[in-house]
Structures are given as C-alpha cells and as structure tokens.
Amino acid sequence: MARHTFARTTFAALSAVTLLALGACSSEPPSSDAGDGGSDGGSGSDLISVGFSQVGAESGWRSANTMSIKDTLTEENGFELSFSDAQQKQENQISAIRNYIAQGMDVIAFSPVVETGWDAVLEEAKGAGIPVVLTDRAVETTVDDAYVSFIGSDFIEEGARAGEWAAEQYDGEGYKVVELQGTTGSAPAIDRQEGFAGAIEGTDLEMIDSQTGDFTRDGGKKVMEGFLTAHDDIDLVFAHNDDMGLGAIEAIEAAGLKPGEDIKIITIDGVKDGMTALADGKINYIVECNPLLGPDLAEVIEKTVAGDAVDARIVTQDEAFDQEGAKAALPDRQY
Ligand code: GZL
C-alpha cells in the first residue's frame with residue numbers, strides 16, 4: 001500500500017479523553033520477530049504498514065503488552081507489522097524509528113522507554129508525514145503535533161491508589177516504607193512515585209529509602225537485598241511493578257522473613273505471577289495496569305489512516321485487588 005500522506009489537519013486530534021475498557025487477548029505466545037516491514041512499494045496489498053518499537057521484554061507486563069499488540073496488528077486484521085525490541089535502550093528505539101521512517105511506514109507506534117530525548121526523531125517522522133502513536137508511556141516534547149494519540153494508564157492515579165490503600169491499612173502504626181522504583185526517567189516511575197507520595201502525605205508512613213530496580217525481577221531482588229542490609233525496621237515495600245515485588249519476595253524469604261506478614265508488599269501491574277503471590281498472601285495489594293493495548297492501538301491507527309480524528313489521550317481502565325479479589329480474578333485472568 002502506498003504510504004498514506006498526511007496533511008497536518010489529519011493530526012488534529014480531539015482533546016477529549018476517552019476511557020476505554022480493553023479487550024482480552026488470545027493466548028498466543030509473543031514472537032520476537034523484527035520484520036523488515038515497510039510499505040509494500042506497490043505490491044498492491046491493502047495492508048496498513050506499522051512500525052512498532054517496543055521497550056524490551058523486561059517484565060511479565062511487557063510480555064503481555066507485546067502479545068496484545070502482535071495478536072491484534074495481524075495481516076488478517078489488515079496490518080503489516082514490523083516489531084522491534086529495544087532491550088530497554090533509548091538509542092535502539094530511536095534507530096528503529098528511523099528505520100521505519102526510511103521504510104516509509106504508514107504509521108509508527110512506540111512505547112518510549114524514558115520521557116525525554118525524542119524531539120529530533122519525532123521531528124523527522126513529522127517531516128516525513130508519518131503519524132506517530134504512543135502506547136503505554138508518555139514523552140515530554142517541544143514538537144507540535146508530535147503524535148496523534150497517547151494510549152495508556154494514568155500512572156499518577158495508580159501510585160495514588162497504592163498509597164491510599166497503604167494509608168487506609170497502616171496509618172497510625174509508624175510504618176517504615178521502602179520503594180522499588182521503575183526505570184529511571186520513565187513516565188511510570190516518575191508518576192507512580194508522585195502518586196504514592198501524595199497519597200501518604202499527612203500519614204505517619206515514612207519513606208526511608210527508594211531506589212530503581214529497573215522494572216525487572218532481578219533488579220527488585222538486588223535492591224531489596226541492599227535495603228535489608230541497610231535497614232532493620234522495614235514494614236512495607238512499594239514496588240512500581242509486580243516483577244520487582246516478586247524479586248523482593250525472594251530477598252525477604254532469603255533473609256528468613258515472611259513477605260506479606262513481616263514485611264508487607266504493594267505492587268502495580270496485576271500480571272499472573274503477581275496475582276498468584278497476592279492470592280498466596282505474599283503480596284498484600286496490587287493496582288492493575290492493563291497491558292492489553294492492542295485493540296485500542298489498532299482502532300487509532302485505522303482512524304488515523306482513514307483521516308478521521310482520534311482522541312489525543314486514551315486512558316485505559318485499571319482495577320485494584322486485595323487477596324480475596326485476586327483469588328476470584330485469577331481463574332479468568334487473560335494475562
Ligand atoms: C506500565 C509499563 C511498565 C510496567 C512494567 O505501563 O510501562 O513497564 O508497569 C513494565 O512492568 O516494565
């Protein structure tokens with residue numbers, strides 16, 4: 001399909017925010033292909049060529065997010081998807097996006113590993129007339145009309161829900177709190193920290209240490225080992241994702257303590273391993289961050305290619321779970 005040219009007017013996006021429940025995804029395991037993609041240069045196929053740059057494969061959430069995108073942007077659904085895994089490196093995402101520009105993709109989509117440093121490549125995509133869609137994470141940019149839409153959760157709200165539950169449960173007990181932060185400079189790490197801190201303000205919960213575990217299980221384990229060496233009075237761990245919380249569980253158990261009892265744990269994501277640990281009482285509360293963004297991404301791409309206006313911000317709906325909620329939700333969980 002010849003690449004769709006875009007007048008700036010087609011970048012015009014409604015300023016309204018749309019709350020969308022997200023579809024389920026199939027159980028197909030994510031593949032790791034990085035197809036050569038690109039519009040077919042006249043082979044006559046009527047597919048929409050999409051270049052997608054993914055953060056990496058750092059967590060269970062990321063795997064579910066990749067699965068949702070690959071399961072939705074299929075040929076039978078009208079897409080020719082080129083997918084690349086940046087191994088959590090911004091330079092890899094920037095070079096992948098430049099490749100997609102050179103290949104003349106109809107649309108480029110990506111989940112930016114960090115918030116800043118995208119102006120040049122966003123300007124290049126705009127100059128090439130290729131619309132950009134952000135999924136999962138936001139960017140800070142000075143480029144006008146840099147992207148058509150941002151589809152993802154409200155991370156400040158997620159951090160606030162975690163902090164509100166902690167305040168409800170533990171205020172008045174002089175709890176000492178440690179925080180396992182996500183990737184430094186990423187929107188979820190910045191916003192979840194802000195939301196949680198705001199929610200515990202005015203309570204007697206005290207944040208005594210905070211460090212990045214880079215959203216990985218190993219990172220969470222290593223940082224928690226350091227916290228346990230440095231502090232003998234930790235009551236609560238706030239982990240920015242399940243994977244770091246699961247790593248913290250390993251460190252807590254290796255120290256001869258009981259996660260969920262001696263040291264409480266609150267995490268964000270709601271992936272199967274996290275929900276299982278919650279049902280088993282090793283995690284105390286999880287705020288969901290729905291990774292199933294494929295259907296909304298497909299809809300935004302189709303509307304954009306058709307020249308229809310799309311919402312500038314599409315906020316995905318998240319639930320939250322205590323132990324009973326996790327037991328009830330696990331049997332039907334899609335990820
Ligand atoms: C959130 C997403 C975060 C998840 C982590 O939308 O960007 O990145 O919370 C993942 O599990 O690594």
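Each ligand, and each atom within it, is numbered from 1 in the order the structure gives. Atoms considered below: every heavy atom in the structure, side chains included; atoms not considered: hydrogens, waters and symmetry mates.
Partners of I156 under the side chain to side chain contact (heavy atoms under 4.5 Å, CB included) rule, at least two apart in sequence or in another chain, are D154, D191, E194. Annotation: side chain to side chain contact (heavy atoms under 4.5 Å, CB included) contacts of S210 (sequence neighbours excluded): E179, Q181, Q193.
Geometric assessment of R98 against the ring of Y100 yields a negative cation-pi assignment under the 6.0 Å and 45° thresholds.
Side-chain N/O atoms of N290 and T316 include no donor and acceptor closer than 3.5 Å.
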Are any protein N/O atoms closer than 3.5 Å to the N/O atoms of ligand 1? If there are, list each pair with names and the distance to one decimal place.
residue  : atom   : partner : partner atom : Å
ligand 1 : 6 (O)  : D136    : OD1          : 2.4
ligand 1 : 7 (O)  : R62     : NH2          : 3.2
ligand 1 : 7 (O)  : D136    : OD1          : 2.7
ligand 1 : 7 (O)  : D136    : OD2          : 3.0
ligand 1 : 7 (O)  : R137    : NE           : 2.7
ligand 1 : 7 (O)  : R137    : NH2          : 3.4
ligand 1 : 8 (O)  : R62     : NH2          : 3.1
ligand 1 : 8 (O)  : R137    : NH2          : 2.8
ligand 1 : 9 (O)  : R192    : NH1          : 2.8
ligand 1 : 9 (O)  : R192    : NH2          : 3.2
ligand 1 : 9 (O)  : D269    : OD1          : 2.7
ligand 1 : 9 (O)  : D269    : OD2          : 3.4
ligand 1 : 11 (O) : S59     : OG           : 3.0
ligand 1 : 11 (O) : N241    : ND2          : 2.9
ligand 1 : 11 (O) : D269    : OD2          : 2.6
ligand 1 : 12 (O) : E58     : OE2          : 2.5
ligand 1 : 12 (O) : S59     : OG           : 3.0

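As a member of the Ile/Leu/Val/Met/Phe/Trp/Tyr network built from side-chain separations under 4.5 Å, I200 groups with W165, Y170, Y175, V177, F196, L205, M207, L236, F238, I266, I268, Y285, V287.
Between W118 and F110, a ring centre-to-centre spacing shorter than 6.0 Å is recorded.
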